[in-house]
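Structure first, commentary second.
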Amino acid sequence: MQPTPILQAHALVKRYGRLTAVDHLSFAVRPGVVTGFLGPNGAGKSTTLRMFLGLDRPTGGAATVGGLPLAETPHPMRVVGAMLDARAVHPRRTARDHLAAVARAGRVRRDRVDEVLELVGLGPAARRRAGDFSLGMKQRLGIATALVGDPGIVIFDEPLNGLDPEGIRWARGLMRDLAAEGRTVLFSSHLMGEMELTADHLVVVHRGRLLADQPLTDFIAEHTSAHVRARTPDRDDLLTALRRAGLDAAPDAAGPGVTVTGGTTDDVGRVAAAAGVELAELTAVRDSLEDAFLTMTATRKDAA
Ligand code: ADP
């Protein structure tokens, strides 16, 4: 692995006719952490990744690797490895033949092929034709293809699509391991729940524009709110006591639950005990990444 250069988008723009798919995006992706490129379908993620890889030409700005467009970098396969579309394999080639062809094209040593086959868990399937693979196995082959050149930067477009729960856990662990080795790991997803479990840092896009570029925990803390849920057989008594204590408490439309904002579980427990109200359940709830994203896109005019 070579020293890892930084991946950078500088006021990157891509227009397709009248559609602006990528709209003045600027961000940098650093080594040693897993960076999630998050946005709904159509947000411009794939287009941006393709520009990093030199597969699409920017209408404006630049996408660079260590300050240069990838095409101007010597031995690009050893610098950046990418999986864009896992289905893009020759159906009649075996997994090993496919990887050997990639290794030849990138002038990478041949024994790397068996290493990456083992790394992605396709060792036993090495002699099977890629056309017969499940989507999950194709994803693994795509990831192996990206890693053949032992690149310092890996870019995966929707790597979790088509994977079963075990495969998702595996891919998440692999991305973490690659980052822990000091590589730059950028992966896109529209699956916010998965992103929440996988990424350390987030670059969030919506309609081609940058909405956020910050650690995942900061993003959630800034764009979500915490509240407390309580369940009790004496709901009216609890509501009265909480409101007297100055807490904002609202009953569920149906059922015995109460939602409290502006206080902690300690506060609610103390108020309930003082009022002699029995609590059946007391939980601190924080909104998910999905909630954060929806709040953000709903409140930002420029994202609408
Ligand atoms: P994402 O990866 O976030 O789902 P894309 O980058 O694939 O988003 O697409 C962004 C927008 O650009 C979409 O509206 C898509 O339809 C459009 N688009 C992507 N590629 C092309 C193309 N080759 N020609 C025309 N429009 C395109």
Side-chain angles (χ1 to χ4, degrees), residues 7-29 34-65 69-71 80-89 135-136 138-139 142-143 145-146 153-163 168 171-172 175 184-199 201-214 216 219 223 288-298 300-304:
L7 211 53
Q8 214 160 356
H10 313 259
L12 192 60
V13 177
K14 180 68 185 182
R15 292 199 186 89
Y16 294 110
R18 293 177 60 188
L19 174 86
T20 304
V22 175
D23 195 356
H24 295 86
L25 267 191
S26 294
F27 63 91
V29 188
V34 177
T35 299
F37 196 19
L38 173 68
N41 281 328
K45 303 182 298 295
S46 300
T47 305
T48 302
L49 299 183
R50 290 173 60 80
M51 289 192 280
F52 274 124
L53 297 169
L55 301 172
D56 244 338
R57 190 208 283 271
T59 312
T64 60
V65 179
L70 187 62
V80 181
M83 177 182 70
L84 290 191
D85 182 356
R87 290 160 300 183
V89 289
L135 181 53
K138 285 181 185 163
Q139 294 285 81
I143 290 172
T145 306
I153 300 174
V154 291
I155 294 178
F156 298 138
D157 198 6
E158 300 276 357
L160 307 176
N161 264 4
L163 291 180
I168 289 177
R172 190 184 298 146
M175 288 193 273
T184 299
V185 180
L186 176 64
F187 83 102
S188 75
S189 180
H190 66 284
L191 302 171
M192 293 179 217
E194 288 308 331
M195 192 59 100
E196 189 164 7
L197 292 170
T198 314
H201 192 94
L202 280 186
V203 173
V204 185
V205 287
H206 186 57
R207 304 195 178 184
R209 294 187 199 159
L210 187 73
L211 288 195
D213 176 1
Q214 61 189 156
L216 173 84
F219 181 81
H223 302 289
S288 66
L289 182 56
E290 184 140 18
D291 296 322
F293 183 78
L294 293 174
T295 307
M296 186 172 206
T297 52
R300 288 202 34 165
K301 275 204 207 78
D302 62 352

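Counting convention: from 1, in listed order, for ligands and their atoms alike.
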Task: Closest contact, heavy atoms only, Gly39 versus Lys45 - done: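 Minimum heavy-atom separation between Gly39 and Lys45: O-NZ, 2.8 Å.
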Task: For the student: nearest non-hydrogen atoms of Phe37 and Val205, plus distance - done: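 Heavy atoms of Phe37 and Val205 come nearest at CE1-CG1, 3.6 Å.
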To which protein heavy atom is [atom] closest, and what is the distance rounded to 0.1 Å?
atom: atom 4 (O) of ligand 1; answer: Gly42 N, 2.7 Å
atom: atom 8 (O) of ligand 1; answer: Gly44 N, 3.1 Å
atom: atom 9 (O) of ligand 1; answer: Thr47 OG1, 3.8 Å
atom: atom 19 (C) of ligand 1; answer: Tyr16 CE1, 3.5 Å
atom: atom 7 (O) of ligand 1; answer: Ser46 CB, 3.7 Å
atom: atom 14 (O) of ligand 1; answer: Leu19 CD2, 3.6 Å

Task: Leu216 backbone acceptor or donor facing Glu196 side chain under 3.5 Å - done: no
Open item on the list: Please check: side-chain N/O of Lys14 versus main-chain N/O of Asp23, any donor-acceptor pairing under 3.5 Å?
Closed with: no
Open item on the list: Please identify which of these residues, Asp157, Asp85, Asp56, meets the salt bridge (charged side-chain N to carboxylate O under 4.0 Å, His left out) condition with Arg50.
Closed with: Asp56
Task: side chain to side chain contact (heavy atoms under 4.5 Å, CB included) assessment of Leu49 paired with Leu186 - done: CA-CA 9 Å; Leu49 299 183; Leu186 176 64; 3.6 Å; yes
- [ ] Would you kindly say whether His223 and Asp291 are connected by a side-chain donor-acceptor distance under 3.5 Å?
- [x]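 Note: His223 and Asp291 side chains miss the donor-acceptor criterion.
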Open item on the list: Could you check whether atom 16 (O) of ligand 1 has a protein contact, counting only heavy atoms that fall below 4.0 angstrom?
Closed with: no
Any idea which atoms of ligand 1 are less than 4.0 Å away from a heavy-atom of [X]?
X: Pro40; result: 3 (O)
X: Asn41; result: 4 (O)
X: Ala43; result: 1 (P), 3 (O), 8 (O)

- [ ] Would you check if Ser288 and Met192 make a side-chain contact, meaning some heavy-atom pair closer than 4.5 Å?
- [x] no
TODO: Pick one of side chain, backbone, both or neither for how Ser188 approaches ligand 1, counting any non-hydrogen atom pair under 4.0 Å.
DONE: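 Looking at Ser188 and ligand 1, no heavy atom falls under 4.0 Å.
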Open item on the list: When you compare ligand 1 with Ala21, is there at least one nitrogen or oxygen pair between them that comes in under 3.5 angstrom?
Closed with: no
